[in-house]
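We name chains A, B, ... by the order of the sequence lines, and we start the count at 1 in each one. Bear in mind the structure is a predicted one, so any value in this text is a computation, not a measurement.
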Amino acid sequence: MRVGPSQDEIRRQNLGALLRFVHVHGATTRAELTTALGLNRSTIGALTADLAAAGLVTEGAPRETGRAGRPSLVVRPESDRVFAYAYSIEVDRLRAARVGLGGAVLDRRELDRPRGLTAAEAAPLLAGAVKEMRQALPEDAVCVGAGVAVCGMVRRDDGLVRLGPTTGWVDEPIGAALGTELGVDVPVTVGNVADVAVFAEHARGAAAGCDNVIYLYGDVGVGAGIIAGGRRLTGHGGYSGEVGHMVVARDGARCECGNRGCWETEIGEHGLLRAAGRSDARGREAMLAVFDAADRGDAQAQIAVRQAGDWLGFGVANLVNIFNPEMVIFGGTMRDLYLAAAAQVRSRLNSNGLPACLEHVRLRTPKLGADAPLVGAAELAFDRLLADPLDVS
Amino acid sequence: MSATPLLELRGIDKSFGPVQVLRDVAFAAYPGEVTALVGDNGAGKSTLVKCISGIYPTDAGQFVFDGRPVNIHSPRDAAALGIEVVYQDLALCDNLDIVQNMFLGREKRSGIVLDEPTMEQMAAETLAGLSVRTVKSLRQHVSSLSGGQRQTVAIAKAVLWNSRLVILDEPTAALGVAQTAQVLELVRRLADNGLAVVLISHNMNDVFAVSDRIAALYLGQMVAQVKTTDITHAQVVELITAGRSGGLGLTGESATNGNGAAPADSTTGGVS
Ligand SMILES: Nc1ncnc2c1ncn2[C@@H]1O[C@H](COP(=O)(O)OP(=O)(O)OP(=O)(O)O)[C@@H](O)[C@H]1O
Ligand SMILES: [Mg+2]
Ligand SMILES: [Zn+2]
C-alpha cells in the first residue's frame with residue numbers, strides 16, 4: 001500500500017519549488033514567495049534558511065523602492081557562486097560557458113568547429129575552454145553539473161549521440177567523453193539543441209507561461225523542441241522532434257539522412273543556397289548573405305528566400321495542425337529566414353492551417369537569442385539540483 | 001491578446017484646405033498587440049498618426065482611450081495619456097550620449113529633476129526590459145551608433161515613461177537585414193510587454209513578422225482592419241493598391257470600413 005509522502009519528501013519538494021522560483025524569476029520577496037508557492041510565512045522562512053545555509057540563496061534588504069512601509073526580505077539565488085558548465089556543439093562552432101544559478105551567463109568561450117570533427121576530438125577542445133574559465137573562478141564557487149546541447153539525436157538514457165546528420169556523428173558518447181576530459185566530479189547531461197533551447201525559452205524566455213510550444217531550430221538541418229501540455233516531449237528513446245526529416249516532396253532533393261524531399265532540403269542551409277545559385281557556399285554567414293542580397297534586390301536571392309519562406313510556412317502549418325501550439329519560436333537560421341520571409345511564411349500558414357488551430361498561435365523569435373542552447377544546456381544540469389537542492393549542493 | 005481596444009477612433013475626417021486626406025476613418029489599437037497600419041504613399045498614414053498624437057486637429061470624429069471619450073488637442077494631451085510616437089527622423093541629438101538622449105526634453109513631463117545615476121539606471125533598466133543586448137555603453141554618443149541602434153534608443157526613449165501606446169512610423173525603412181531583424185524583435189517585445197503598438201510599414205515582411213492585426217488605408221479611407229491570421233500577403237497588397245480584395249475592403253460604389261462603421265461616400269480619386 002502506498003502511504004502519503006513523508007515529511008522529508010514534502011520538505012525536499014518545497015525546497016525545490018522555492019529554489020526553482022528564484023532561479024527562474026530572480027530576486028523575490030518573502031511575501032511574494034508566500035503567495036506564489038501557497039505556503040505560509042514561517043514555512044517560507046524555514047525553507048529559505050535551509051537554502052541559505054546550503055549556500056544556494058542569500059537573503060537581504062530589497063533595493064530602494066521608494067514605497068513606504070517595512071520592506072519584506074528579498075531572496076536571491078547565489079548566481080555568482082553556484083553554477084553549471086554548459087556546452088553547445090554546433091555545426092560550425094563549439095561553445096562553452098559558465099552559467100550561474102538564475103540563468104545568467106557568467107563566462108564564455110567560443111571555438112570554430114571544422115565540419116566532421118568527432119566527439120573524441122571535440123571533447124578536449126571544450127575541456128581546454130573550461131580550463132581557461134576555471135582560472136577565473138571565484139574561490140567559493142560550486143559547480144553543480146554540466147549540460148551539453150548537441151545538434152544530433154540524443155539517447156535519453158545515457159546521452160549517446162545516435163545520429164547527427166549534420167555533425168557526422170554516429171553513436172558518439174559525447175557525455176562520457178566530456179566527463180572524462182573535464183575530470184570534474186559532476187554528472188554531464190546531454191540534450192538535442194532544439195530540445196534544450198525550448199527548455200530555456202519555456203523557463204525564462206519568449207515561451208514563459210506557455211504550455212504548448214514548438215521551437216524550430218535551424219542550422220544545416222532543422223529540428224524541433226516541443227513542449228506539449230507543459231512537458232517536454234522526448235519520445236520513447238529521446239529522439240522525437242526530427243521535423244526536418246518529414247518528407248514534403250516525393251522526388252525532392254537528396255537529404256543528408258539518405259532520403260529525398262525532407263523538409264530541411266527546402267528550408268535548411270543547402271536548400272536556400274542551392275535555390276540562390278550558391279551551392280558552393282557554406283554556413284550561416286552564407287545564408288545571411290542570401291537574405292542580404294534579397295533585401296538589396298538580387299532577383300535570384302529574392303526567389304530563393306520567398307520559396308524557402310513558403311516551404312517554411314507549409315511545414316509550420318503541418319506542425320500547428322498536429323500539435324495545436326500556442327507559440328512557434330523560430331531559432332538559429334530559422335529566425336533569419338522567418339524575419340526575411342514572414343509574408344510568405346504567414347500567408348502559407350494562414351492558408352494551410354486549420355482555422356481552429358490557427359486561432360491562438362503566436363509566431364515569435366527567441367528572447368534568449370543565440371544563448372538559448374547554452375542556457376538550456378545549463379538548465380539540464382540545474383534540473384537535478386532543483387529536484388533535490390540539499391542533496392546536490 | 002485583448003478584446004478591448006486601448007485606443008479607438010471613429011469617424012475621423014481631416015482635410016488640408018480643399019483636400020480631404022482622411023475620410024470617416026475608424027481605427028483601433030489593442031494592448032499587447034501590434035497593429036500594422038499599411039497603405040500606399042499618400043494614403044494618409046502619417047496624417048492619421050499626427051491626429052492621434054495631437055499635432056493636427058481633426059475636423060470630425062471621436063477618440064476613445066481606455067473606454068473613455070477623450071480629446072487630444074496637443075502633443076501634451078497625447079503624452080499625458082501615454083501615447084508616444086517614434087518618427088522616422090528619430091529626433092536624436094548626435095552630440096549627446098544615450099542616457100542624455102533618452103531624457104532629452106522630458107524633464108518637464110516628469111516634474112522632478114533626476115540625478116545622473118538615477119537616469120542612467122532607468123535607461124539601463126528600460127533597455128534590459130526590452131532585452132536589448134547590442135548597445136555596449138550607455139555613455140557613448142549617439143553619433144557612434146548604427147542605424148538599428150539609433151532606432152533602438154528612440155524606441156526605448158518612447159517607453160521610458162510608462163507609455164501605453166507606442167506608434168512607430170517606418171522604423172526599419174533605412175536599415176539593412178540584420179538591423180531590421182533586431183528592430184522587429186524589439187517592436188514585438190514592446191507588445192509582449194503589454195503595450196499597444198502601431199507599426200507603419202511598407203514592407204510586408206515586417207508587417208507579417210510582428211503584427212497581430214493589419215489596418216489598411218486606401219485614399220484616406222480605412223478599407224479593412226483584420227487579424228493577421230485571417231489574411232494573406234496577396235490580399236494585403238490588393239487592399240493597399242485597389243482598396244479591396246475579395247470580400248474585404250471597398251464594395252461596389254460604396255465604401256465601408258473594416259470595423260463596420262457607417263458607410264462613407266464613394267470615392268475613386270478626388271483624394272490625392
Ligand atoms: N501638412 C499638409 N498639408 C497639405 N497636404 C498634406 C499635408 N500633410 C500631408 N498632406 C497630404 O495628405 C496626403 C496623405 O499624406 P500622408 O503623409 O499622411 O501619407 P502617408 O500614408 O504617410 O504616405 P507615405 O507612405 O508616403 O509616408 C498626401 O496626399 C499628402 O500630400
Ligand atoms: Mg508617411
Ligand atoms: Zn532527411
With a 4.0 Å cut-off on N to O distance, would you call [X] and [Y] a salt bridge?
X: K367(A); Y: E201(A); answer: no
X: D112(A); Y: R93(A); answer: no
X: E170(B); Y: K45(B); answer: no
X: D336(A); Y: R284(A); answer: yes

Checklist line | Geometric cation-pi criterion R98(A) and F83(A), 6.0 Å radius, 45° cone | finding: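 Here R98(A) passes the 6.0 Å and 45° test against F83(A).
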Notebook entry, point to check: With a cut-off of under 6.0 Å to the ring centre and 45° to the axis, is R364(A) in cation-pi contact with F330(A)?
Noted result: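 No.
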Under 4.5 Å from any heavy atom of chain A - which part of [X]:
X: L175(B); result: backbone
X: D230(B); result: backbone
X: D192(B); result: side chain
X: T180(B); result: neither

Which region of [X], side chain (C-beta onward) or backbone (N, CA, C, O), has a non-hydrogen atom less than 4.5 Å from a non-hydrogen atom of chain B, or is it both or neither?
X: R296(A); answer: neither
X: R348(A); answer: neither
X: L368(A); answer: backbone

Next item on the list: Determine the option with the most heavy-atom pairs under 4.5 angstrom with chain B, choosing from S347(A), A340(A), G353(A), A294(A).
Entry: S347(A)
